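This is a predicted model, so every value here is computed, not measured.
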Amino acid sequence: DQNIISDCMFWNNNVDDPQSETTGGGGAVAVAIGGIVNVHSCDFYRNRAEKGNGGAFSIDGNQASINLYNTTMRFNKAINGGAMYFNRVSKGTLFQTNLWGNNATDAGGGFHLDGPSLVSMYFCNILDNHAGTDGGGGYLGGSRSSLSIKGSAFLRNLAPYGYGGGLCATHTKKPIINEDVNLTEYNGLYERCFEVEASYFSRNEAGQGGSVFWKFTAFDDISIFVP
């Protein structure tokens with residue numbers, strides 16, 4: 001079933017368990033297996049999952065999906081994905097959405113992709129986010145996750161002790177087949193899975209790769225930038 005959240009404010013929510021060193025994710029909203037959520041014109045402010053992932057949103061489960069329109073996530077905090085965390089076979093679409101001033105103690109100050117997740121961003125602003133390690137603005141992890149960005153701005157994001165002030169990626173292409181493979185032995189076809197088009201990067205900072213960092217190797221030999 002689809003759920004619609006419209007014209008709402010989610011302020012100062014928290015996921016915590018004083019008796020545990022870890023908790024679940026999604027300081028404001030957690031979307032699990034098969035969940036579909038549409039968010040319109042909402043504000044997510046100072047939500048926390050300081051022992052988990054996804055300060056505002058955790059989208060963690062097979063076929064979990066979220067679509068955000070004209071929404072702002074600001075000053076949220078988590079271990080990975082200060083504002084948003086995607087894992088497993090999850091999907092996300094962000095349209096005219098702002099990620100501002102979020103913090104990840106590990107990777108992905110604004111957003112973090114793991115597992116075979118798929119995220120598309122259109123005309124978004126990723127501003128003033130901070131990561132303790134890599135990807136001040138966003139982090140593309142796992143081996144099969146995909147990220148597409150168009151018409152968006154990455155400004156003043158920080159990863160002072162790691163890689164990629166604006167964006168950090170562990171890979172730029174993935175096997176076409178839809179199953180786990182040993183990449184050191186795989187000899188099949190690949191497809192691009194990380195692309196950036198008509199976007200703006202300015203005043204981002206990191207230990208290496210001030211705006212964008214990805215390992216350009218014999219394996220990852222595809223540029224992320226679309227001409």
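Membership of an apolar cluster is not assigned to Y139, as no side-chain contact below 4.5 Å to another ILVMFWY residue is traced. When hydrophobic side chains of Ile, Leu, Val, Met, Phe, Trp and Tyr are connected at separations under 4.5 Å, Y85 ends up as a singleton with no cluster partners. In the hydrophobic clustering (ILVMFWY side chains linked at under 4.5 Å, chained through shared members), F123 is joined by Y69, F95, Y122.
Rounding to the nearest 0.5 angstrom, the gap separating the OG1 atom in T170 from the CZ atom in F213 is 10.5 Å. Distance OG1/T72 to CE/M9: 12.5 Å, rounded to 0.5 Å. How far CD1 of I66 is from CG of N3: 10.5 Å, rounded to the nearest 0.5 Å.
Annotation: salt bridge (Lys or Arg N to Asp or Glu O under 4.0 Å) contacts of D106 (sequence neighbours excluded): none. Remark: F86 pairs with no residue by the ring-ring contact (aromatic ring centres under 6.0 Å, His included) rule, at least two apart or across chains. In this structure R46 satisfies the side chain to side chain donor-acceptor pair (under 3.5 Å) test with no other residue, sequence neighbours excluded. With sequence neighbours left out, the salt bridge (Lys or Arg N to Asp or Glu O under 4.0 Å) criterion links E50 to R48, K77. The side chain to side chain donor-acceptor pair (under 3.5 Å) search around S152 returns none, not counting sequence neighbours.
With N125 contributing its side chain and N98 its backbone, the two residues share no donor-acceptor pair below 3.5 Å. The backbone N or O of N47 sits less than 3.5 Å from a side-chain atom of N76, completing a donor-acceptor pair. In terms of modelled atom types and a separation under 3.5 Å, the side chain of N157 and the main chain of N129 share a donor-acceptor contact.
For residues 147-159, the set of pairs meeting the salt bridge (Lys or Arg N to Asp or Glu O under 4.0 Å) definition, not counting sequence neighbours, comprises D128-R156.
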* Please assess V15 against K51 for the test side chain to side chain contact (heavy atoms under 4.5 Å, CB included), listing each intermediate value before the final yes or no. => CA-CA 8 Å; V15 174; K51 298 178 183 177; over 6 Å; no
* To do: Apply side chain to side chain contact (heavy atoms under 4.5 Å, CB included) to the pair L155 and R203, showing each step before the final yes or no.
  => CA-CA 6 Å; L155 306 176; R203 299 175 63 188; over 6 Å; no
Donor-acceptor pairs under 3.5 angstrom involving side-chain atoms of residues 113-121: please list them, not counting sequence neighbours.
residue, atom, partner, partner atom, Å
D114, OD1, G142, N, 3.3
S117, OG, D114, O, 2.7

Please set out all donor-acceptor pairs under 3.5 angstrom arising from side-chain atoms of residues 53-64, sequence neighbours excluded.
residue, atom, partner, partner atom, Å
N53, OD1, N80, N, 3.2
N53, OD1, N80, ND2, 3.2
D60, OD1, R88, NE, 2.9

Between side-chain atoms of residues 25-44 and protein atoms elsewhere (two or more places apart, or another chain), which donor-acceptor pairs fall under 3.5 Å?
residue, atom, partner, partner atom, Å
N38, OD1, N67, ND2, 2.9
N38, ND2, Q2, OE1, 3.0
S41, OG, N70, ND2, 3.2
D43, OD1, R74, NE, 2.9
D43, OD2, W11, NE1, 3.0
D43, OD2, R74, NE, 3.3
D43, OD2, R74, NH2, 2.7

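A 4.5 Å side-chain heavy-atom check between F111 and L94 finds every atom pair outside the cut-off. Annotation: side chain of L140 is not in contact with side chain of W214 (no heavy-atom distance under 4.5 Å). The side-chain heavy atoms of I149 and L167, taken from C-beta on, include a pair separated by under 4.5 Å. Under the 4.5 Å side-chain criterion, counting only non-hydrogen atoms from C-beta, E205 is in contact with L158.
Heavy atoms only, all atoms of each residue included: F154 and G166 are closest at CD2-O, 3.7 Å. Across all non-hydrogen atoms, the minimal contact from H171 to S145 is NE2-O, 2.9 Å. Scanning both residues, A206 and G162, for their nearest heavy atoms gives CB-O, 3.7 Å. Shown here for G82 and A104, the closest heavy-atom pair between the two residues is N-CB, 3.9 Å. Listed here is the closest heavy atom pair of C124 and Q96: SG-N, 4.0 Å. The two atoms that bring L68 and M84 nearest to each other are CD1-CE, 3.5 Å, heavy atoms only.
Hydrophobic clustering (side-chain heavy atoms under 4.5 Å, transitive across Ile, Leu, Val, Met, Phe, Trp, Tyr) groups L99 together with V212.
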